[in-house]
2 protein chains.
Amino acid sequence: MALAEHACTRESAVAARIDVAPCNACPVRSMSVCSALEADELKRLADILVSVKVDAGHTLFAEGDGADTLFNVTAGTMKLYKLLPDGRRQITGFLLPGDFLGLSINDTYAYSAESVTPATLCRFPRRRLEGLLEDYPKMQRRLFAMASSELAAAQDQMLLLGRKNAKERIASFLLMLSERAKRRGYAENPVHVPMSRSDIADYLGLTTETVSRTFTQLKTSRAISLLEGGKVRLNDMETLQELAEGA
Amino acid sequence: MALAEHACTRESAVAARIDVAPCNACPVRSMSVCSALEADELKRLADILVSVKVDAGHTLFAEGDGADTLFNVTAGTMKLYKLLPDGRRQITGFLLPGDFLGLSINDTYAYSAESVTPATLCRFPRRRLEGLLEDYPKMQRRLFAMASSELAAAQDQMLLLGRKNAKERIASFLLMLSERAKRRGYAENPVHVPMSRSDIADYLGLTTETVSRTFTQLKTSRAISLLEGGKVRLNDMETLQELAEGA
DNA sequence: AACGCGCCTTGATCCAGATCAAAGCGCGAC
DNA sequence: GTCGCGCTTTGATCTGGATCAAGGCGCGTT
């Protein structure tokens with residue numbers, strides 16, 4: 001369990017705030033931007049933020065664990081998943097820097113969280129956040145807005161899982177990654193795809209074999225190119241979009 | 001468009017509050033329970049609440065419509081769904097009395113809403129609610145809690161759609177309906193199933209034929225009985241639960 | 001270099017659930 | 001009553017993606 005911790009300085013929190021646009025889904029950082037009482041609030045935030053580094057494949061917490069801690073991804077990619085007793089797995093989401101982890105009203109986590117790549121997270125106790133929320137209602141708003149947009153994404157995913165075929169799923173997945181990278185200011189076209197075939201399969205409700213075959217098909221039809229280092233070039237956005245929308 | 005409207009009296013709002021427990025997911029009513037300023041708040045609420053009655057099969061709004069109104073189901077069952085251009089449909093949720101509709105941060109609805117049975121809803125303009133939220137932070141909390149629990153339900157549904165087989169899906173569905181009925185104080189065992197086979201199919205990512213066959217199988221194996229008036233008796237909770245959990 | 005170990009790809013076969021097709025079965029209109 | 005229409009059930013067949021089974025390929029270790 002390689003898990004290094006050290007207290008965030010106030011400076012690092014400020015710096016973190018600078019490299020993220022106010023509307024990205026990073027609660028702590030963007031909430032400080034929102035608040036009217038920035039300086040005061042930021043000071044309190046800096047006091048409770050703790051940075052956590054994990055290797056690839058590290059389980060941060062498991063479904064059912066006591067949900068006393070909140071996390072905010074600052075680097076790397078995380079995956080959230082649920083398991084059935086016989087081992088079937090559904091990944092419910094991939095988290096990129098700025099995403100939030102552990103937004104639960106219950107006292108246990110509803111899913112497990114594991115790093116896909118080496119990752120850094122900002123962690124803080126839930127109690128402390130709740131205290132902050134009392135004092136800064138705009139944080140509440142922000143938190144609600146985040147939950148709402150996650151809900152909208154979940155509904156899109158239900159449509160995908162319930163009604164799209166393999167090709168449509170892969171196309172939707174690649175476009176989603178591209179869209180998210182773009183909104184965070186990363187390269188949107190050769191998309192970075194850091195997760196394994198098996199992770200993609202468990203996210204899209206398919207098997208690794210089907211994911212692999214479908215990538216091959218898309219490559220053969222020139223819609224995408226598979227590049228070095230887990231990058232995928234989207235050659236024909238037109239076609240991919242049509243596929244994703246199920247036209 | 002059979003759409004009758006009349007202003008709610010303050011009395012009806014109070015009455016509504018009485019037949020719902022504080023922790024049911026009915027935002028307006030339970031928020032009034034939560035707030036320290038009940039009398040004042042309730043007065044303001046009563047001013048803006050408007051009751052809406054619709055027939056079965058009525059489309060309340062469609063995906064993409066301007067999302068300027070919020071609804072709160074007070075009687076009947078609603079369904080929310082998304083469509084693909086070729087007509088494939090995914091129902092993302094069924095709403096029972098007390099459920100909330102239109103929780104969107106965007107300015108357009110992310111899904112369509114249609115009544116399954118004749119239904120009554122309390123409607124109010126989003127702007128007015130936002131004003132209330134400014135003044136009553138506990139409403140914010142309540143709203144956030146609702147969005148969180150919807151999110152948790154959405155994640156369960158992803159597991160179902162991505163990884164469960166037909167029998168497991170139907171068992172999960174019936175148990176979910178039973179659980180929800182119970183928490184609202186309705187009969188939990190002969191479960192009321194007001195929706196058509198085709199609605200169930202579009203909720204579970206199956207076809208009507210498969211839904212029908214699976215009901216027959218469960219009936220044949222004595223796990224359930226199909227009763228009059230769209231009721232289903234769950235005979236063998238043990239087996240159903242095992243199926244639903246995928247053991 | 002040779003080996004082992006995870007992935008990933010590719011091929012062959014299988015099967016759960018889709019699709020196609022045809023009755024039942026209410027139930028309201030006339 | 002009986003006609004028609006929508007919903008449901010049941011049967012026969014088909015198929016997209018799962019499963020089973022080999023290799024291939026990159027990479028770190030000895």
Side-chain angles (χ1 to χ4, degrees), chain A residues 55-57 79 84 86-91 114-118 160-173 193-221 224-232 243 246, chain B residues 55-57 77 79 84 86-91 114 116-118 160-173 193-221 224-232 243 246:
Chain A
D55 298 334
K79 62 189 174 199
L84 289 174
D86 64 0
R88 281 175 284 174
R89 183 176 69 151
Q90 180 65 39
I91 292 184
E114 188 178 325
S115 51
V116 171
T117 64
L160 180 148
L161 291 170
R163 292 302 181 210
K164 291 186 184 176
N165 65 30
K167 228 181 219 177
E168 292 165 347
R169 290 179 199 211
I170 297 285
S172 302
F173 175 66
V193 183
M195 56 290 284
S196 70
R197 295 289 181 255
S198 140
D199 282 347
I200 298 173
D202 284 347
Y203 180 62
L204 299 177
L206 300 170
T207 58
T208 55
E209 293 95 328
T210 298
V211 170
S212 179
R213 280 187 243 272
T214 307
F215 269 113
T216 306
Q217 281 176 49
L218 290 173
K219 196 177 66 176
T220 306
S221 68
I224 64 170
S225 308
L226 302 181
L227 312 178
E228 301 287 285
K231 298 231 190 276
V232 176
L243 269 176
Chain B
D55 298 332
T77 302
K79 61 188 174 200
L84 290 173
D86 64 1
R88 280 174 286 172
R89 183 176 67 151
Q90 180 65 40
I91 292 183
E114 189 179 323
V116 171
T117 64
L160 179 148
L161 292 170
R163 292 300 181 212
K164 291 186 184 175
N165 66 29
K167 228 180 218 178
E168 292 165 347
R169 291 178 199 211
I170 296 285
S172 303
F173 176 66
V193 183
M195 55 292 282
S196 68
R197 295 290 181 253
S198 141
D199 282 347
I200 298 173
D202 284 347
Y203 181 61
L204 299 178
L206 300 169
T207 59
T208 55
E209 292 95 329
T210 299
V211 170
S212 180
R213 279 187 244 271
T214 308
F215 269 112
T216 306
Q217 282 176 47
L218 289 173
K219 197 178 63 176
T220 306
S221 69
I224 64 170
S225 307
L226 302 179
L227 312 179
E228 301 287 285
K231 299 233 189 276
V232 177
L243 269 176

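Each chain gets a letter, A, B and so on, in the order its sequence line appears, and its residues count up from 1. Below, all heavy atoms of this structure are taken into account, side chains as well, without hydrogens, waters or symmetry copies. All figures in this text were calculated on a predicted structure; none of them were measured in a lab.
In this structure a side-chain-to-backbone donor-acceptor pair under 3.5 Å is present from B:T117 to B:T77. Between the side chain of A:R88 and the main chain of B:R163, a donor-acceptor pair closer than 3.5 Å is present.
Going from atom NZ of A:K167 over to atom P of D:dG17 covers 10 Å, rounded to whole Å. The separation between B:Q217 atom CD and D:dT8 atom P is 18 Å, rounded to whole Å. The distance between atom CG of B:L226 and atom P of D:dC7, rounded to the nearest whole Å, is 18 Å. One can place CD1 of A:I200 at 12 Å from C1' of C:dC7, the figure rounded to the nearest angstrom. Atoms CG (B:D202) and C1' (C:dG17) sit 15 Å apart, rounded to a whole Å. Atom P of nucleotide D:dG17 and atom NZ of A:K164 are separated by 14 Å, given to the nearest angstrom. Straight-line distance from the CD atom of A:E209 to the P atom of D:dC20: 10 Å, rounded to whole Å. Atom pair A:E228:CD and D:dC27:C1' shows a separation of 14 Å (rounding to whole Å applied).
In this structure, of D:dT19, D:dT10, C:dT9, it is C:dT9 that holds the atom nearest to the side chain of A:T216. Picking from D:dT10, D:dG17, C:dT10 the nucleotide with the shortest atom distance to the side chain of B:R213 gives D:dT10. For A:A166, the side-chain atoms get nearest to D:dG17 when compared with the rest of C:dG17, D:dG17, C:dT19. Nearest nucleotide to the A:S196 side chain, out of C:dA18, C:dC8, D:dT19: C:dC8.
Between A:V211 and B:V211, the residue anchored closer to the 5' end of DNA chain C is A:V211, taking for each the nucleotide with the nearest heavy atom. Nucleotides of DNA chain C nearest to A:R163 and A:K219 differ in position, and the one nearer the 5' end is that of A:K219.
No engagement by B:G230 is indicated, since no non-hydrogen atom pair under 4.0 Å with the nucleic acid exists.
Between A:R197 and the phosphate of C:dT9, there is a side-chain N or O to OP1/OP2 separation shorter than 4.0 Å. Between A:S212 and C:dT9, a side-chain N or O to OP1/OP2 separation shorter than 4.0 Å is present. Within the structure, a side-chain polar atom (N or O) of A:T210 is placed less than 4.0 Å from OP1 or OP2 of D:dA18. Within the 4.0 Å cut-off from OP1 or OP2 of C:dT9, not a single side-chain nitrogen or oxygen of A:T208 is found.
A:R169 pairs with exactly one of A:L243, A:L206, A:V211, A:I200 by the side-chain contact (heavy atoms from CB on, under 4.5 Å) rule, that one being A:L206.
Between A:V232 and A:L226 the shortest side-chain heavy-atom distance falls below 4.5 Å. A heavy-atom distance below 4.5 Å is not found between the side chains of A:I91 and A:M195.
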